[in-house]
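Here's the structure we're looking at; comments come further down.
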Amino acid sequence: MITLTIVLLLALGGLGVALAAPLLKRGSGVLAGVTMAIFALAMILAVAGFNERALIFGSLEASPLTALAVLLLSAAGFFVAWGNLARGEELWGGPGEFFAFLLWGALGGVLLVGSTNLLLFFLGLELSAYATYVLAAYDRDRKESAEGAMKYLVLGALSSAILLYGFALVYAGTGSMEFAAIRAAFLKGAPALALLGALLALVGLGFKLALVPFHAWVPDAYQGARPVAAAYLASAPKIAVGLGLAALFVRAFGPPDAVTQSLLVLALFSFVFGNLWALAQTNLKRLLAYSTIAHMGYLALGLAIGGTFGYAAAGFYLLAYLIAGGAAFFALEAAEAAGVPSTIEGWKGLFKRAPGLSVLAAIAFLSLAGVPGLAGFLAKLYVFAASAKVGLFAVLVVAVLTTVLGYYYYFRVLQAAFLEAPKEEGRLSVNPSLLALLFVLAGLSILFGVWPAGAFSGLEQAFRVLIGL
Amino acid sequence: MSVLGFAILAGLIIAGALVVVLSENIVHAAVALAFTFFFVAGLYVLLGSPLLAVIQFAVNAAAIPILTLFIIMTTQSRRIRPASGVFYLVAGFLALVFLVGLWGYLGAPETAFRPLGPEGLGVRLLTVTLLPFEVASVLLLLAMVGAVVLARRREE
Amino acid sequence: MITLGHFLALSAVLFAIGLFGVITRRNLIAVLMSVEILLNAAAIAFAATAAYKDPVFFSGQLFALFIMVVAAAELSIGFAILLNVFRHTGSAATDVVEEMRG
């Protein structure tokens, strides 16, 4: 019942916020607070019902994995709502409907991860995707926002259509929409049509995860959106699709080698090319976008390896990326709000002008790079350990080398911020609410960097139940 | 089911879809889209599912093309400049690869099909897919609120 | 006799045409129309499979219904964003989106 309560809470919470928004012309702060409270309540419920097992209306499975999705998605929504708390009204000129899309987007992700048939999977995916289209376009007074969102929507719609056609072929091959029946058919020797369908579905999900070569929309969408909205685009859909991919593989497609091997190739492309392209960027939003592509590559590597350890490593990667990537975007937001453009040039000498912000941003960038002591390092280590465990040594060497490449561009940002002289003088006044958010996120990065055991055992538990060991 | 009926409908659907993707006049493309979807509704009649056909007609063959025409009028679009030849080559190649790759596997031999009356579809909609049905309402609500928020003018 | 294979072949041809349109069209409205064709191709495959292979639940025909919902919702958000693009650039051609670079 707890999972059903969470689903209703998110759906009705979104409805309530959407209804209240037009009435509260000047009260976006109130809506942000309410949204944060709803997400916090969802997290508490998810922890309380972590081990609940039930099948809701025959299509939504309450399981530790679903609870995990609630936790991660609610955390992402919570932090994005917090990021908007400070300057909500100023930023968006009033419309507090913004927060309804956070809630509905999280709901879509939860349904996607918990679904037991193709239909609910697809609807959950669309729900979370539509929320992100709207959020990407939300800053409608800026041309870039509309253009980035348009590109995002067209490629997102194309990827949904490809995924949908893949599902149609799976259905045509197996004659059932239920994951359990599809899995049984795959275990008996996958029908060729269904296998092709699974590959098409992988292409569609690769688009959503921004894996190379399906990544073209990412830099434009992130650059166009406000950093606070980009923080959501970079975290929530990745959590939903990452966990959903694991659930789809395990529950429906069994282990067809062709599909996991294709995912492995996509992963390899992503962390090689994502890191290489990131080297050439001078705009920090585009740099973070390409680094996201690389991070999704490491995540996909964990997913392709599979098994309890591989999936748990991928899950931990999502957690670490959610914290550090979100913090990096919030740092950009804080700097932009203080008048610093999001370019390497603009960040020169930031330490002298805003020391607190610089140090907290540095922790986020170091965690993204994978420096020991922070969550990002352990996340990479777990994924590398998983690939060593299954004997993928060639892939492992490439992954380690590209990580070193990643150090270079993250340190280039830090070098500009800490070692170079500022072009303008004077201290910047950084928004205290955003600074507090960055402080919490930096604390979480350090916490999971030195004490990963609690989170990791929870992840292992969730995936052990999923696999059915 | 009559082979002739299927062949005619399939020919019309393919011809309509080709006009949609090839015509340089965007209004022609939108009208062709309406006809294509209308013939798809005919396909559903052949399959013995009249309710699906009616909804296909009302939503896909009527509402969506009308919405499209509204947007065409609002944005004053008339002609579509043709893409460069490279695009046509790449797209044609991709479409061909897709078709050839899939073609050999499409020959599902099933010959008997079962019709499904409106009652059957309706009952299944509210039993088998009850939760997705509710989710679809949230989806539509989200789309509605999103479209209103994005399209309305900022009040001064 | 019409088999399921005939329907699947038709839907594959339709999908290929839509794919061709998405890549070659240089107007955002036309691109979205091509996406509609893609969705309908999938709906045909679902509906036909349901009638031939899933005679108890007919879940594919239900899926086809939901695809219509999704198509309508997608189009409404797409057109809202398109209107914003048009407001800023005065055009619905794809090049206004393509030339965005950092």
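The chains referred to below are lettered A, B, ... by the order of the sequence lines, with proteins before strands, and numbering in each begins at 1.
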Sort [X] into side chain, backbone, both or neither according to what part of it lies under 4.5 angstrom from a heavy atom of chain A.
{"X": "F15(C)", "answer": "side chain"}
{"X": "I67(C)", "answer": "side chain"}
{"X": "A73(C)", "answer": "both"}
{"X": "V22(C)", "answer": "side chain"}
{"X": "L19(C)", "answer": "side chain"}
{"X": "A50(C)", "answer": "both"}
{"X": "S11(C)", "answer": "both"}
{"X": "A12(C)", "answer": "both"}

Based on non-hydrogen pairs under 4.5 Å, which of [options] is most in contact with chain A?
{"options": "V35(C), L39(C), V70(C), L4(C)", "result": "V70(C)"}
{"options": "A45(C), A48(C), A43(C), G78(C)", "result": "G78(C)"}
{"options": "L82(C), V31(C), L62(C)", "result": "L82(C)"}

Checklist entry - Hey, are S160(A) and K208(A) close enough side-chain-wise for a donor-acceptor pair under 3.5 Å? => result yes
Checklist entry - Quick check, are the ring centers of F121(A) and F167(A) under 6.0 angstrom apart? => result yes
Any side-chain heavy-atom pair of [X] and [Y] under 4.5 Å:
{"X": "I29(C)", "Y": "F79(C)", "value": "yes"}
{"X": "F273(A)", "Y": "P213(A)", "value": "no"}
{"X": "F86(C)", "Y": "L28(C)", "value": "no"}
{"X": "L164(A)", "Y": "F122(A)", "value": "yes"}

Checklist entry - Can we say E336(A) and K285(A) salt-bridge, meaning some charged N sits less than 4.0 Å from an Asp/Glu carboxylate O? => result yes
Sort [X] into side chain, backbone, both or neither according to what part of it lies under 4.5 angstrom from a heavy atom of chain C.
{"X": "L119(A)", "answer": "both"}
{"X": "L123(A)", "answer": "side chain"}
{"X": "L193(A)", "answer": "side chain"}

Checklist outcome for this item: Between Y152(A) and the options Y222(A), F207(A), Y133(A), the ring pair (Phe, Tyr, Trp, His ring centres under 6.0 Å) test singles out Y133(A)
Next on the checklist: Within this structure, what is the OG1-CG distance for the pair T174(A) and L195(A), rounded to the nearest 0.5 Å?
Outcome noted: 12.0 Å
